[in-house]
Structure formats: C-alpha cells, structure tokens
J.: 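First the structure, then my questions, so here it is.
Just so it is clear, the structure is predicted and the values come from calculations on it, not from any experiment.
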Amino acid sequence: MKKSDTQMIKGLAICILLFHHLFYSTQPILGIMIGDKYLANIVAEYLKVCVALFLVLSGYGLNASMNKNKYSITKFYKKHIWKIYKNYWLIWILFVPIGVIRGRTFSFVYGDHYLAKLLTDILGLQKLLGYNSYNATWWFITLILGLYLIFPIIYKLAKKVPLLLLIAGGVAMFLPVKKIANLDIILTYKFWLLPFIFGVLISEYKFIERINEKLNAHAVFKFITYFTLLFLAIYIRKHGKYLINLRIDTLFSFAIILISLEYIKRIKMLNRFLKFVGNHSFNIFLFHTFIYGMYFREFVYSLKHPLLIWLSLLLMCLNISVLIEKLKLVLVNYYLNRIIPIFKSTHKDGII
C-alpha cells in the first residue's frame, strides 16, 4: 500500500467510527426497522471494527516507515510518540476547558483524587490504570501508546519468528480478564495485539501485493473471494463460537482493506474525499465525542435520519479539523518567527 492508500482507508475508518459512536447505543428517530431494531443500530454494532482497522493500518505504516528510514529506538520514540502527544494535548487545550466552563468539572468526571487522575489522563495512561477519561474515546490513546512502545520488539520478532508472533497475538485474545496490581493491562491489550501485529506482518511480507499478483488475472474470482471474506467475517462476528465479536475483527478489517484498495479506490471522487478525511482522521478521532456527545448533541440528533445525522457530524468535524490545522500553522510560524530568533539572539549576546 502507498501512503495515499492508507490515508484513503483511514478516511473510511473515521467515517465508520462516527457511525458506530452515533448509533451503537442511541436510536435514531427515523430509519429502516428490522424487527424491533433500527438498521442503523444493527449496523453500528459491527462497525466497532474501526478500531482493528486503525490498528492494522498503524502496524503497517510503522513497519514500512521503519524499513525505509531505519530509525534508532530513541528516534522512533521521539518521532512517533511525540506526534501523538502534541496532537492530543492541543485538543485537550482547545476542548476540555469548554467542558469545564459548561459544568463538566474534573471532580465530576474523575471523582475522588481527581488531580492525580487528571494527570494520568493528560499522559494518556487512564485506561491502563482503570480510570475514566475526560473523553471516553481517549482510551485508545493508552492503547496506541503502549503498542508504539513495544513496536521495536514486534518489528524484530516479525523478521525472525513471524508465525510465532502471529500466534501470540491470537492467544492474547483468549486470556482471562484479570487485574494485576489494579492495572488493566490484559483488558487494555488482549483484543488489540493481533490486528497491530497483523498490520506489521502484511507490510513486512507484502501480503496484499502477493494476493494481487495471484488474483489480478481473475477479476471475477477476486471479487467473489474478497466479498466472501467480508461476509464470512460479518457472519462469524455475530454467530461464531470462538471468534465472535472483537476476535474476528482482524479478518474483518483485512477484508475491508482489500475491498477498499480494489474497488473504492477506483471511484475517483470518493477516493479523493476519503483521502481528505483521512488527513484529518486523528484530529476527528480526538474531538468528535465533544461535538456529538457534549456540546452539540441536540442539534446533531435533531436531524432524525441516521444518514443525515452521520453526514452532519462528519462535515462539522471536517470543518473544525481544518480550522485546527490552520491554527497549527499559525503556532508553528509564531514559533519559527518569534521564539527561535529571540532564543538565538539571547544566546548570541551571552545571556544564555
């Protein structure tokens, strides 16, 4: 996959994420009913696959980046973990104070010992320690920080013992949920090691390219294979015995990736739009809950129909993210034009 391909799929993943969060526990006012359930609620249950999809893409991207740039461990951590924190903290600064002003105070969210829990939340470690975050979806920050932390180990094992690594990720899904010294280590990572490892492996061994090599001359067979894989994963997710729910999401997400690269990519306008969304995917992930769940909930759901609700949230988030990116440019330019010259000047004059 090229970087533009992963951006397209990230765009699709954030669209899936928004629909999942909007309707996995909230019923729309209008929409198609199947039995006693809205179709939007049924679909939203399956769209939890967005987490595995992001993790496969993360593992893939990190492995490709490491192969290309040959980072030292220190440089890898500086580049990738700092990238997470600088975006996370900016969203914190922009959105959390609004919540506090509106009455969602730290003591209300965290309960007792709220200052310690606040610090944990700022560091992105809240899920690991079993605390609530100011924003419920920020549990993913704990997850991704941990996976980035162990990535250099996974990277080396992927080259030496790939099958053993894959099996270890699969076994982790079946570990019993048990707190160790009050740390939610197993619960935080048990379902999510496998898709991350899988992403590393399909990058390292060019699995997608090899599949295309075998099937490119057989368009009909490729179509049947990809969509059979998709519907099989969907069926097993609900009706399977051992691989139900999150345990099948690595396969589910892989089917989505294959179909996206083969068919969605060909629809030029949709491809361009999803790439644009993908460029804003991390921002949108970080703040979308504030928009639909805290600050504009009544407006978003007032549109009644699931597709209108989803589309309005997506467009609102995109516009906000564009403004945030412009703000980042202003801050960067201010740093380059004001802070650095002052530092150089004081250093030259012997003040520092």
Side-chain angles (χ1 to χ4, degrees), residues 10-55 91-92 94-96 98-105 108-111 121 126-127 131-143 187-188 191-192 233-234 237-239 244-246 248-249 252-253 256 274 277 280-321:
K10 281 181 183 179
L12 178 61
I14 207 70
C15 290
I16 290 172
L17 172 71
L18 295 182
F19 199 92
H20 168 65
H21 281 171
L22 283 167
F23 300 113
Y24 79 99
S25 63
T26 303
Q27 289 186 339
I29 296 172
L30 300 175
I32 299 169
M33 296 284 290
I34 297 180
D36 60 346
K37 273 190 166 185
Y38 281 99
L39 178 61
N41 297 126
I42 295 170
V43 171
E45 291 177 18
Y46 289 93
L47 298 187
K48 179 75 172 178
V49 69
C50 61
V51 179
L53 192 50
F54 277 121
L55 292 176
I91 299 301
W92 247 97
L94 292 176
F95 286 89
V96 172
I98 299 172
V100 174
I101 291 168
R102 288 167 59 97
R104 199 167 188 270
T105 62
F108 172 78
V109 173
Y110 302 120
D121 204 359
Q126 63 281 7
K127 176 66 175 174
Y131 299 151
N132 292 326
S133 177
Y134 196 89
N135 180 335
T137 56
W138 285 347
W139 69 270
F140 187 81
I141 296 296
T142 301
L143 173 65
L187 181 60
T188 303
F191 294 113
W192 309 121
I234 290 171
R237 200 179 198 279
K238 185 72 173 178
H239 303 287
I244 59 170
N245 298 326
L246 303 178
I248 197 65
D249 278 358
F252 191 1
S253 61
I256 292 171
L274 289 176
V277 176
H280 294 273
S281 59
F282 193 50
N283 281 347
I284 294 174
F285 154 69
L286 287 170
F287 70 71
H288 75 278
T289 308
F290 290 102
I291 306 304
Y292 88 90
M294 301 181 199
Y295 304 156
F296 300 104
R297 184 178 180 84
E298 288 185 9
F299 169 75
V300 170
Y301 284 104
S302 71
L303 297 172
K304 299 180 181 180
H305 194 280
L307 289 179
L308 290 177
I309 292 169
W310 168 79
L311 184 59
S312 70
L313 179 61
L314 176 60
L315 293 177
M316 288 171 70
C317 287
L318 280 172
N319 279 288
I320 292 169
S321 184

J.: Whether the side chain of Trp310 engages the backbone of Leu22 through a donor-acceptor N/O pair (distance < 3.5 Å, no angle test) should be reported.
T.: no
J.: If the condition is side-chain hydrogen bond (donor to acceptor under 3.5 Å, both in side chains), which residues does Tyr110 pass it with, not counting sequence neighbours?
T.: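 Per chain and number, Tyr110 pairs via side-chain hydrogen bond (donor to acceptor under 3.5 Å, both in side chains) with Asp121.
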J.: Could you pull out the closest heavy-atom pair between Trp192 and Leu55, with the gap in Å?
T.: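 Between these two residues, the closest heavy atoms are CB-CD1, 3.5 Å.
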J.: Closest approach of His239 and Ile244, non-hydrogen atoms and distance?
T.: C-CG2, 4.4 Å
J.: Show your working on side chain to side chain contact (heavy atoms under 4.5 Å, CB included) between Phe54 and Ile14 and close with a plain yes or no.
T.: CA-CA 9 Å; Phe54 277 121; Ile14 207 70; 3.9 Å; yes
J.: Would you say Thr137 and Asn135 are linked by a side-chain donor-acceptor pair, where the criterion is simply a distance under 3.5 Å?
T.: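 A pair is found: one side chain offers a donor N or O, the other an acceptor, under 3.5 Å apart.
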J.: Tell me if a side-chain donor or acceptor on Ser302 pairs with a main-chain N or O of Phe299 at a distance below 3.5 Å.
T.: yes
J.: Counting only heavy atoms from other residues, nucleotides and ligands, does the tally under 6.0 Å from CG of Leu39 exceed 12?
T.: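 Yes, the 6.0 Å shell around CG holds more than 12 heavy atoms from other groups.
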J.: Determine whether a donor-acceptor pair (N or O, by modelled atom type, separation under 3.5 Å) exists between the side chain of Tyr292 and the backbone of Tyr301.
T.: no
J.: In terms of side-chain geometry, is the basic nitrogen of Asp249 or Arg237 positioned less than 4.0 Å from the acidic oxygen of its partner?
T.: yes
J.: Report the residue from Leu318, Ile320, Asn319 that forms a side chain to side chain contact (heavy atoms under 4.5 Å, CB included) with His280.
T.: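 When side chain to side chain contact (heavy atoms under 4.5 Å, CB included) is applied between His280 and each of Leu318, Ile320, Asn319, only Leu318 qualifies.
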J.: Any donor-acceptor pair under 3.5 Å linking the side chain of Arg102 with the backbone of Met294?
T.: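 Yes, Arg102 side chain to Met294 backbone: donor-acceptor pair under 3.5 Å.
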J.: Phe290 vs Trp92, test: ring pair (Phe, Tyr, Trp, His ring centres under 6.0 Å). Steps then yes/no.
T.: CA-CA 11 Å; Phe290 290 102; Trp92 247 97; 8.5 Å; no
J.: Keeping the roles fixed (side chain from His20, backbone from Ala44), state whether a donor-acceptor pair exists under 3.5 Å.
T.: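 Yes: the side chain of His20 pairs with the backbone of Ala44.
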J.: If I compare all heavy atoms of Ala13 with all of Cys50, which pair ends up nearest, and what's the gap?
T.: O-CB, 3.8 Å
J.: Distance-only, no hydrogens or angles: does the Tyr134 side chain make a donor-acceptor pair with backbone N or O of Arg104 under 3.5 Å?
T.: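 Pair found, side chain donor or acceptor close to backbone of Arg104.
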J.: Under 3.5 Å, side chain of Thr105 to main-chain N/O of Phe108, donor-acceptor pair present?
T.: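 It does hold such a pair.
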J.: Mind checking side-chain hydrogen bond (donor to acceptor under 3.5 Å, both in side chains) for Ser312 and listing every partner two or more places apart, or none if nothing turns up?
T.: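 In terms of side-chain hydrogen bond (donor to acceptor under 3.5 Å, both in side chains), with neighbours along the sequence ignored, Ser312 is linked to no residue.
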J.: Would you say His288's side chain and Ile284's backbone share a donor-acceptor pair under 3.5 angstrom?
T.: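 Between the backbone of Ile284 and the side chain of His288 there is a qualifying donor-acceptor contact (under 3.5 Å).
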J.: For residues 26-44, which residue pairs pass the salt bridge (charged side-chain N to carboxylate O under 4.0 Å, His left out) check, not counting sequence neighbours?
T.: Lys37-Glu45
J.: Test your reading of the model: is there a side-chain donor-acceptor pair from Tyr295 to the backbone of Phe95, 3.5 Å cut-off?
T.: yes
J.: Counting distance only, does the side-chain N/O of Asn245 pair as donor-acceptor with the main-chain N or O of Lys238 below 3.5 Å?
T.: no
